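Here is the structure we will look at, set down as structure tokens.
Only a predicted model underlies this, so the values are computations on that prediction, with no experimental measurement involved.
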Amino acid sequence: MIKIDFHVHSFHSLDSRQKYETILDRVEKKGLDGVVIVDHNILAPKAPIQSLIDARYHHVPIEKRPLVIRGAEYSTEEGHLIVIGLQEPLENTLKLDGKWYRCKDVIEGAKAQHAFIVLAHPFRWKKRNPSDYLWEHIDAVEVFNGRTCFVRGNFEANQKAVEEAKKRGLPITGGSDGHTPFEIGRTYVSFDVDKVAFDPQKLKNYNAKVHGELTLGIFEVYSQIYKMVTQKTWHKIPKQVVKAFYSVGIYLYAKINPKTFLRGEVAVYQREKEK
């Protein structure tokens, strides 16, 4: 069995400062076998992270090195899509419509490159559920996102994702959505496959279990304030300060009423049987 946090951000995302070295430190500390780094609307270059891994683990056999899988999280009008296996960044050819890419364009662009699409935190926004078209064209669904719930107060978002994945028989992932090192590894997926044989584009071939643990919402507030400071949108910061107090209250509520939130082993997927 291997354990992978399937949703982590690096400094290539505007709302994160995490360097690759920091992410690898946390991977080792949490006993993970790997992470999937998916930055907002950007496919980070492969060379820097590969060079770091080669230098840091030059004395370690390849089969014992952590897996660092490169992807991108594209924002669309229907939700966020994690795309893995791209040869060319979609952002080089697609056009933003305001702050979104067109969902159909991202799907078609990813499929043209035979890439793998994961629907991230599908029910995070109460008034914007994924369409049937989207459900029909994704390859897997993130059933637990560590950042979902606290700031937006949508307590049932992860539960709905679990139910939808089960209903549709979709492969599952889960991730911390970690923008800070303290979040990484709190949520992860266990796959019944050796590390060297793992292919992130063939999740339907593995049995999987998602372990979910909610993250204190103040970390999301921190990353949003960091983004506002870098973009000099100072007028938005007071709202985030209010959210910080709110998130602490929700976290305490979760401690008092743990059954309100999913946690622990939250979902299981059985691989497709060979015909």
Side-chain angles (χ1 to χ4, degrees), residues 1-9 26 30-36 38 73 78-82 118-130 134-135 138-180 182-192 203-204 206-221 223 243-244 246-271:
M1 297 288 288
I2 59 173
K3 298 193 300 184
I4 298 177
D5 187 333
F6 231 82
H7 192 152
V8 173
H9 292 268
R26 193 65 176 176
K30 296 295 289 187
L32 296 173
D33 294 287
V35 289
V36 180
V38 289
E73 183 180 16
E78 290 201 40
H80 290 188
L81 302 181
I82 291 174
V118 180
L119 177 55
H121 44 68
F123 297 103
R124 177 175 286 189
W125 294 279
K126 292 181 179 180
K127 298 181 180 180
R128 192 178 70 192
N129 290 336
L134 183 52
W135 283 114
I138 60 171
D139 300 299
V141 57
E142 183 181 74
V143 297
F144 196 98
N145 180 286
R147 282 196 167 200
T148 293
C149 293
F150 285 131
V151 173
R152 292 171 180 81
N154 192 3
F155 306 147
E156 298 179 353
N158 286 324
Q159 178 66 55
K160 289 179 179 178
V162 170
E163 294 170 356
E164 196 69 31
K166 184 176 181 180
K167 182 177 73 174
R168 296 176 182 270
L170 286 166
I172 60 176
T173 73
S176 62
D177 203 351
H179 292 59
T180 66
F182 307 102
E183 300 169 86
I184 297 173
R186 290 179 63 83
T187 294
Y188 58 83
V189 196
S190 297
F191 297 101
D192 67 339
L203 300 191
K204 68 180 181 180
Y206 314 127
N207 292 328
K209 295 180 181 179
V210 172
H211 173 90
E213 189 69 33
L214 296 170
T215 299
L216 180 59
I218 199 166
F219 289 119
E220 181 171 353
V221 172
S223 59
K243 282 186 176 181
Y246 171 77
S247 69
V248 171
I250 296 299
Y251 185 79
L252 293 174
Y253 175 74
K255 288 293 186 180
I256 297 172
N257 299 279
K259 293 183 179 180
T260 305
F261 302 89
L262 286 182
R263 61 196 322 160
E265 186 178 300
V266 299
V268 176
Y269 171 81
Q270 298 293 325
R271 66 174 175 262

Legend entry - Over all atoms of both residues, closest heavy-atom pair of Val189 and Gly174: CG2-N, 3.2 Å
Inset, instruction - Look at the rings of Trp125 and His121 and say which category their plane angle falls in: under 30° parallel, 30 to 60° tilted, over 60° perpendicular. - result: perpendicular
Legend entry - Qualifying residues under ring-ring contact (aromatic ring centres under 6.0 Å, His included), relative to Phe182, sequence neighbours excluded: Phe219
Legend entry - Partners passing ring-ring contact (aromatic ring centres under 6.0 Å, His included) against Tyr188 (at least two apart in sequence or in another chain):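 In terms of ring-ring contact (aromatic ring centres under 6.0 Å, His included), with neighbours along the sequence ignored, Tyr188 is linked to His211.
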Using side-chain hydrogen bond (donor to acceptor under 3.5 Å, both in side chains) as the criterion, list what pairs up with [X], not counting sequence neighbours.
X	result
Glu78	Ser131
Asp192	Asn207, Arg271
Thr180	Glu183
Arg26	none

Pairwise side-chain contact, [X] with [Y], heavy-atom cut-off 4.5 Å (strictly under):
X	Y	result
Glu220	Lys243	no
Ile82	Thr173	no
Ile4	Leu32	no

Legend entry - Polar contact flag, side-chain donor to acceptor under 3.5 angstrom, Arg124-Thr148: yes
Legend entry - Flag, side chain of Thr187 to backbone of Glu213, donor-acceptor distance under 3.5 Å: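 Answer holds: yes.
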Legend entry - Ion pair check, Glu164 and Arg168, cut-off under 4.0 Å: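 So Glu164 pairs with Arg168 through a salt bridge.
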